[in-house]
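The block underneath contains the structure these notes are about, expressed in structure tokens.
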There are 4 protein chains.
Amino acid sequence: MNPHSLPAPIRGIVPPMVTPLRARDEIDVPGLERLIEHILAGGVAGLFILGTTGEGPSLSYRLRKELIERTCHQVRRRVPVLVGITDTAFVESLNAARWAADAGADAVVLAPPYYLPEGQPELQEYLDHLVPELPLPLFLYNMPALTKVSFELETVRRAMDNPRIIGLKDSSGNMIYFHRAVGLLPHRPDWTLLIGPEEMLADAVFAGGHGGVNGGANVFPRLYVDLFRAAQSGDFLRARELHSRVMWISDNLYHVGRHPSAIIKGIKCALSLLGICDDFMAEPFHRFREPERDRVREFLNGL
Amino acid sequence: MNPHSLPAPIRGIVPPMVTPLRARDEIDVPGLERLIEHILAGGVAGLFILGTTGEGPSLSYRLRKELIERTCHQVRRRVPVLVGITDTAFVESLNAARWAADAGADAVVLAPPYYLPEGQPELQEYLDHLVPELPLPLFLYNMPALTKVSFELETVRRAMDNPRIIGLKDSSGNMIYFHRAVGLLPHRPDWTLLIGPEEMLADAVFAGGHGGVNGGANVFPRLYVDLFRAAQSGDFLRARELHSRVMWISDNLYHVGRHPSAIIKGIKCALSLLGICDDFMAEPFHRFREPERDRVREFLNGL
Amino acid sequence: MNPHSLPAPIRGIVPPMVTPLRARDEIDVPGLERLIEHILAGGVAGLFILGTTGEGPSLSYRLRKELIERTCHQVRRRVPVLVGITDTAFVESLNAARWAADAGADAVVLAPPYYLPEGQPELQEYLDHLVPELPLPLFLYNMPALTKVSFELETVRRAMDNPRIIGLKDSSGNMIYFHRAVGLLPHRPDWTLLIGPEEMLADAVFAGGHGGVNGGANVFPRLYVDLFRAAQSGDFLRARELHSRVMWISDNLYHVGRHPSAIIKGIKCALSLLGICDDFMAEPFHRFREPERDRVREFLNGL
Amino acid sequence: MNPHSLPAPIRGIVPPMVTPLRARDEIDVPGLERLIEHILAGGVAGLFILGTTGEGPSLSYRLRKELIERTCHQVRRRVPVLVGITDTAFVESLNAARWAADAGADAVVLAPPYYLPEGQPELQEYLDHLVPELPLPLFLYNMPALTKVSFELETVRRAMDNPRIIGLKDSSGNMIYFHRAVGLLPHRPDWTLLIGPEEMLADAVFAGGHGGVNGGANVFPRLYVDLFRAAQSGDFLRARELHSRVMWISDNLYHVGRHPSAIIKGIKCALSLLGICDDFMAEPFHRFREPERDRVREFLNGL
């Protein structure tokens, strides 16, 4: 598989993989291998590493490079690998993209630089400069709650004129934005439109989106794949039932802790309890302590 | 001068130096040297590099390291050098701190990791883990508009119990916060409390703060030093007159562009017009084009 | 029909009626009558007056009372009338509720008091005090963008224990919130759950909601009723096609002006061009001027 | 004293008076009289009723009218009375202004209508329509945290061209805004510029402002008057000492409760403990219960 063989659009679930760690700057290598196999066994359409759920911005560049290489090696082109290259520094985004290309990844994923907020014209010019230097095709990643800046729809529309930009992952949680993004699809039949929040996966597919980049698919990949398929095939009753299970995960597993990091902590804790990988978190976050871990255990037992 | 000889507190103006660039990943070396001499000639109390005004997060790590080394070499311990090590990745903050120590800098400056927002307990634990590994003393940098997370005053109070944390730069623009921070000073007579927004420099000094980290001091270092001294000595009339000149700079030079980057663009453009250094900006920002440059030229001529 | 005969839940479209005005404090009476008949002819499930689209907070209390009376008189119990009583002053909410009851309305609708933000415990206590004094059953109205305070889901859950509170209109635009609200429905089989943003009407009905309070139904009531029915009956293809027409209205009619008032201005302007009612706006807003009016005319011609 | 005899500018402390209540819609009349005398005995420069601290938006219109009349009657023109007329409904603002004029008040105070946010051009047009109909001169009240919309400085500058608009109360907490507002004063030598947050009173006077509208002056009017005078006369040391007492009040009295209402609750509780007036709060807020009341008692004992 090479970039030209990427499905266009990609349809299905592309889990934003957590990064199994053993220590501050050390990958849990066996855990990573088990996690990749666990996810791929669920029938996913791709794998997205170094995103928000993957704690990308918290990892050293050395570790990011190692993760890219190990992941691509383990996946062995069974599914496309998408690599997050979001960075406040243009040069570091380029470096990461080159590591991804060298390792055999299929595409890169980019949210707006997230320190000093850009205006949309600045963001457009940035894309104009960055994309020609990227060795892989690019997905835009709309995540305004964390980057402060959105890829506004005019900017997305303009990006669609560049064939090297091939899709959008929308994690805004704004369903009106997503519907508008669906409305742009006729401009690019090969464009992939994926949704971040898993609570909106069914909505997104009903609306005409192509799938989801949903954190819970680290733990329960099959469930999300099944929900995607039910929604895509118009099996409304089954979609509603699977959706209610996703809501149950969201209402419980992601609310054990109090801070925004609770979602990632919950996923990693569940994976640890399932024996898949370590739940070590990169600074400034830390794994759940025993009381929270007990609540996650209870949650898993209740399934 | 070594870290132990840092004034405690530092009193005066510590300009957040812009980073003179010639190209995307290249320092304007002669410009950097001229800029440092220009600033030091103004009587400043220190130099802060790799902050927001210094486009720190936009620079490659390679260039950050080079900038640290060149700056320390050029300053030759005439004033303390403070180095921004804010990063989303713990390991990279540590790396930058080591470069700073190796180059002979005097302290490092850290805002909260700025991607996924931490809760205050997470932020405190992060400091607990980071500070013991830092080879230099640390200033906290409160910049919630850009980092989303504030160093809340309870966290600052707690940090004061750690002698390796030696001060706070507050760029919140929240004068009530600053007054509360002044109220904490009796806990640590050696603590340095500096203000970011130059429009509030006089207020901050009247309130009991020790000085400012003010972007305009790149261009007009003497003006800010004079304002600091007038305020500190209680020369109220002179302080008010100098303050009105600072307001005039702020009202004009920083509002030539429309986006938040306009402040840095304005400062770099003025420095370029004064023949001090290049106005190249790191991505995703770009120097003013001719119409804006003409307005900055007019502004300088009007002085 | 009396309050006890309100469908429970109400299923369908309950348009948030604009308030036809001729002058600052004068109802366009013939326009009001025509508008009500126009809307009712579309097959709606109810009529909601004095909401955001109805410019409720901008109207004098005298005019609000007159509007309640005229509307109830014109509707003649053909559909339930819901009356917005949101107010910063408890006593004025009560007064409005009594006018509604006296005029024969069926329910009242309340968003949180919207000046100084309440905490959720304060909001719960407020409901505890208000509801027993209301002469009509109550719908909660979640509109955090305008009230700053949300009816958080714990507060909604608690409100469900009070049989005098009979439903929730969610205008948050947050689809995850809406899904969670759907998840509360088993606690109260008679509870009505409606969505505000029309762009999410189909999603809301697929998700298990009961209908919409959609501004565009002032102009095109039949379209929204048809979309509701298609979604409810699982006619997925037809729902998608009707949804795309709603998106087209949203993308065009609501973006003629630049400010948040543009939606109401667009709706009123369209109604005026269709000869249904005047487009006078209550202060601090003003009807479109000719250039904007021309764009709305073009939009209508393009239909 | 009539409107023409209002000092121009007003210099000093204009307390935003709390509204003493005995019950939901009943003024604590003896408490009101005692409170007015208590405040006036402190040497204040005016009295502002029906603002945020006065719970203006929470009161019925009947009670607002009664409060205006009773206050003007009790004050007997010893100081100017300013009456808040902020409202989402234009007609109700006018009504309140007429009550104020009829009762002998000296000026009215207006924040932007605070439900659906206006754009600045809409806000300007609104002022253009409102001011000619007001029977009293107008102060602008900048309170963006509660109204969502700011009087931007361009709008203030434009308002200065209208001689019926005579001042600005800034409660934004944004010191840069305040400095810019000071920079506009040369356009109107008669303009009054007052600051809301008492923690910034000294800053504001040093900066060239004319005084403060500070909630704590309900309880300790003399302290705020003394602080104002010390700052105005350049008695820097005394100003700093009095300021530190204000900070102590702010740090303690205003943080007994957890919600934004805590400031008003704290002030009313202190007044109740001092035997001045009842601490009943208008819905949706409620007076402190015993544990909080005990903390306020402790605070007062500690003074």
Side-chain angles (χ1 to χ4, degrees), chain C residues 23-26 51-53 55-64 86-95 110-130 133 143 145-149 257-265 281-286, chain D residues 23-26 51-53 55-64 86-95 110-130 133 143 145-149 257-265 281-286:
Chain C
R24 181 178 297 154
D25 198 29
E26 185 184 351
T52 304
T53 308
E55 297 172 89
S58 300
L59 304 174
S60 76
Y61 287 85
R62 188 206 61 69
L63 194 146
R64 293 185 210 187
T86 305
D87 208 289
T88 52
F90 185 97
V91 172
E92 303 299 343
S93 285
L94 270 190
N95 286 344
L110 180 87
Y114 51 93
Y115 187 68
L116 190 66
E118 315 87 29
Q120 293 295 306
E122 292 174 323
L123 186 56
Q124 291 172 4
E125 199 169 352
Y126 165 78
L127 287 178
D128 291 345
H129 294 178
L130 181 69
E133 305 206 25
M143 181 47 131
L146 299 187
T147 62
K148 290 168 280 183
V149 172
R258 291 179 307 132
H259 306 300
S261 59
I263 296 177
I264 308 177
K265 289 177 182 175
M281 296 275 296
E283 298 272 358
F285 305 111
H286 306 98
Chain D
R24 181 178 297 156
D25 197 29
E26 185 183 351
T52 303
T53 309
E55 298 171 88
S58 299
L59 304 174
S60 75
Y61 288 86
R62 188 205 63 68
L63 193 146
R64 294 185 209 187
T86 306
D87 208 291
T88 53
F90 186 96
V91 171
E92 303 300 342
S93 285
L94 269 190
N95 286 344
L110 180 86
Y114 51 93
Y115 188 68
L116 191 66
E118 316 85 29
Q120 292 295 306
E122 293 174 322
L123 186 55
Q124 291 172 4
E125 197 168 354
Y126 165 78
L127 288 178
D128 290 346
H129 293 179
L130 181 69
E133 304 206 25
M143 180 46 128
L146 299 187
T147 62
K148 290 166 284 186
V149 173
R258 291 178 306 132
H259 306 300
S261 59
I263 297 177
I264 308 177
K265 288 177 182 175
M281 296 273 296
E283 297 273 357
F285 305 110
H286 307 98

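Letters A, B, ... mirror the listed sequences (proteins, then strands); counts begin at 1.
For the residue pair C/Y61 / C/D87, a side-chain donor-acceptor distance below 3.5 Å is found, with atom types taken as modelled. A donor-acceptor contact under 3.5 angstrom links the side chains of C/E283 and D/H129, judged on distance only.
Of the inter-residue distances, the one linking C/Y114 atom OH with D/L146 atom CG reads 13.0 Å to the nearest 0.5 angstrom. How far NE2 of C/H286 is from CD of D/E122: 8.0 Å, rounded to the nearest 0.5 Å.
When C/T86, C/I264, C/T52 are compared by the number of non-hydrogen pairs under 4.5 Å with chain D, C/T52 comes out ahead. Note: C/E133 leads C/E55, C/R62, C/E133 in heavy-atom pairs under 4.5 Å with chain D. For the set D/Y115, D/Y126, D/F285, the count of heavy-atom pairs under 4.5 angstrom toward chain C peaks at D/Y115. When the candidates C/K148, C/M143, C/R24 are compared by the number of heavy-atom contacts under 4.5 Å with chain D, C/R24 comes out ahead.
Contacts between D/P113 and chain C at a heavy-atom distance below 4.5 Å involve the side chain alone, from C-beta outward. Looking at C/L59, only its backbone comes within 4.5 Å of chain D, counting heavy atoms on both sides. Both the backbone and the side chain of C/E118 come within contact range of chain D, each with at least one heavy atom under 4.5 Å from a heavy atom of that chain.
No side-chain heavy atom of C/M281 sits under 4.5 Å from any side-chain heavy atom of C/S58.
Atom CZ of D/R258 sits in a sparse spot, with 12 or fewer heavy atoms from other residues, nucleotides or ligands closer than 6.0 Å.
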